[in-house]
Trainee: 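Next up is a structure, given as structure tokens.
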Amino acid sequence: MSALDELLGHARETVALGEAAGLLGWDQETMMPRGAADQRAEMLAALEGAVHARRADPRVGALLAELSDAALDPVSAAQLRIVRREHHRATRVPASLAAEIARVTSLSQGHWAEARRNEDVAAFLPWLAQVVALKREEAAALAETGGALYDALLDGFEPGARAAEVEVIFAQMRPRLVALRDRAMAAPAPAEPLAGHFAEEAQRCLAMRLAGAFGYDWTRGRLDLAVHPFSSGGGDDVRITTRVDPRDPFNCLYSTLHETGHAVYEQSIASSLRLTPAGRGASMAIHESQARLFENQLGRSRAFTSWLFSAMAEAFGDFRIGDPETFYRSVNRLEPGFIRTEADEVQYNLHVMLRFDLERAMIAGALEVADIEAAWNERFAADFGRAVPVPSKGLLQDVHWSVGLFGYFPTYALGNVYAGQLFAALREGVPDLDTHLRAGDPGPAVAWLRERLHRHGSLHEPGLLMGKVLGQDMPVAPDPEPLLAYLETKFSDIYGFAG
Ligand code: ZN
């Protein structure tokens with residue numbers, strides 16, 4: 001067997017084990033009986049330990065060294081780039097630390113969920129302190145000499161990204177988002193919010209109809225309920241979850257569209273890449289760009305909501321909004337809310353910036369876990385002008401920190417930025433987009449994304465992939481300008497002031 005075949009065969013089994021761990025994670029969030037938490041934590045830690053050991057295997061290092069000068073076809077070269085990267089990261093983190101992180105975060109997640117239900121921050125903080133300590137230890141192991149701890153974690157989700165660059169992008173975005181938000185909030189509301197009772201079963205049916213319309217393949221996926229909607233898995237088994245609130249069907253419908261964006265991306269990766277290192281999305285920000293495009297640029301567009309208006313009437317009967325234009329304005333109205341996942345397009349990135357600054361300070365050791373709730377509440381009041389009423393609307397709203405996802409939040413905002421760049425190109429590439437969307441058919445837009453972006457998986461690094469999609473054969477950096485222009489145009493129109 002050639003060195004290349006041996007290495008790729010080994011990598012394939014590692015990917016398969018990772019998929020098995022992912023499936024157990026999905027089960028933990030959807031089906032698992034609560035009493036199984038400790039047992040599940042041990043199972044996940046064992047699998048994580050096995051995956052880690054395989055990635056760090058000295059034989060992998062030897063094969064990589066043997067192949068370093070080999071002339072490879074582009075696909076094999078891309079696979080090796082990913083294997084090399086994972087090997088490099090795994091050899092820096094001791095296996096015992098990797099397994100301990102898997103065990104503690106699995107338990108911590110359950111304690112977060114309980115603390116959130118009981119509005120009990122004090123019960124969660126000891127777990128958060130453990131997770132932060134472990135992630136700092138991991139970051140120190142990963143960081144290049146003198147490198148920032150936070151960058152080492154960010155790099156795990158967004159290869160090559162640096163906090164200092166994110167900071168520059170956020171500084172460009174913040175003043176324009178705040179100005180747009182303040183202007184809109186001072187204007188008369190463009191429409192009333194949705195009110196009434198919306199049957200849960202009808203919500204789920206409509207959510208499934210939306211997912212199908214956006215290209216989700218039900219023969220290779222399923223929809224279940226979870227506290228925090230997510231998408232998981234790859235290749236031929238990509239599952240999504242949503243949540244249902246009888247007073248707010250938009251929560252269910254737009255969460256579903258968001259997760260469908262993630263899932264259709266995974267389902268559309270070339271089948272030749274299935275169960276290989278390059279067989280997943282290119283990065284978290286690229287992933288998020290697809291989810292946000294589906295949810296916002298397409299799903300909350302005037303054209304698509306005019307179709308959704310009729311579909312809502314079919315699903316729920318008369319729901320007190322009389323025409324598609326009022327419905328569009330209601331879908332897009334700015335709300336003075338506390339919850340990131342429910343935030344409108346204008347304020348969403350401000351929620352991310354708050355988390356980015358706080359988690360960066362925690363990982364740097366500049367903010368103690370004991371002070372995190374006070375820091376959160378103070379910052380929220382400064383950014384949003386309101387006091388956080390209960391922890392579930394503040395510090396305890398997101399699952400991320402409980403499961404050790406430090407460095408993940410900025411990828412949401414970078415995803416929005418990429419979505420802005422991609423949507424500008426998509427509009428040019430599909431000139432009759434609105435005609436299709438008005439008929440409830442995002443198919444041509446999804447086909448455009450599949451052909452140019454989805455099918456490549458991780459064959460290209462995020463910047464180069466963006467460059468290729470945007471028609472340039474070189475890396476393209478995240479540029480917030482198209483997103484800001486899109487938001488200013490859309491919301492000055494809805495709120496009736498000059499952009
Ligand atoms: Zn997402």
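The first residue in the sequence is number 1, and the count goes up from there. Order of appearance sets the numbers: ligands from 1, and atoms from 1 within every ligand.
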Trainee: Excluding waters, which protein N, O or S atoms are within less than 2.8 Å of the Zn ion (ligand 1)?
Mentor: H258 NE2, H262 NE2, E288 OE1

Trainee: May I have all residue pairs that pass side chain to side chain donor-acceptor pair (under 3.5 Å) and include part of residues 416-429, sequence neighbours excluded?
Mentor: R292-N416, N349-N416, R427-D434

Trainee: Check side-chain hydrogen bond (donor to acceptor under 3.5 Å, both in side chains) between H52 and all other residues, then give those that pass, not counting sequence neighbours.
Mentor: none

Trainee: Report the residues that fulfil side-chain hydrogen bond (donor to acceptor under 3.5 Å, both in side chains) with R136, sequence neighbours left out, ordered by chain and then residue number.
Mentor: none

Trainee: Answer yes or no: is there a donor N or O on one side and an acceptor on the other, between the side chain of S289 and the main chain of I286, under 3.5 Å?
Mentor: yes

Trainee: Does the separation of the ring centres of F304 and F214 fall below 6.0 angstrom?
Mentor: yes

Trainee: Under 3.5 Å, is there a donor-acceptor pair between the side chain of R386 and the main chain of P336?
Mentor: yes

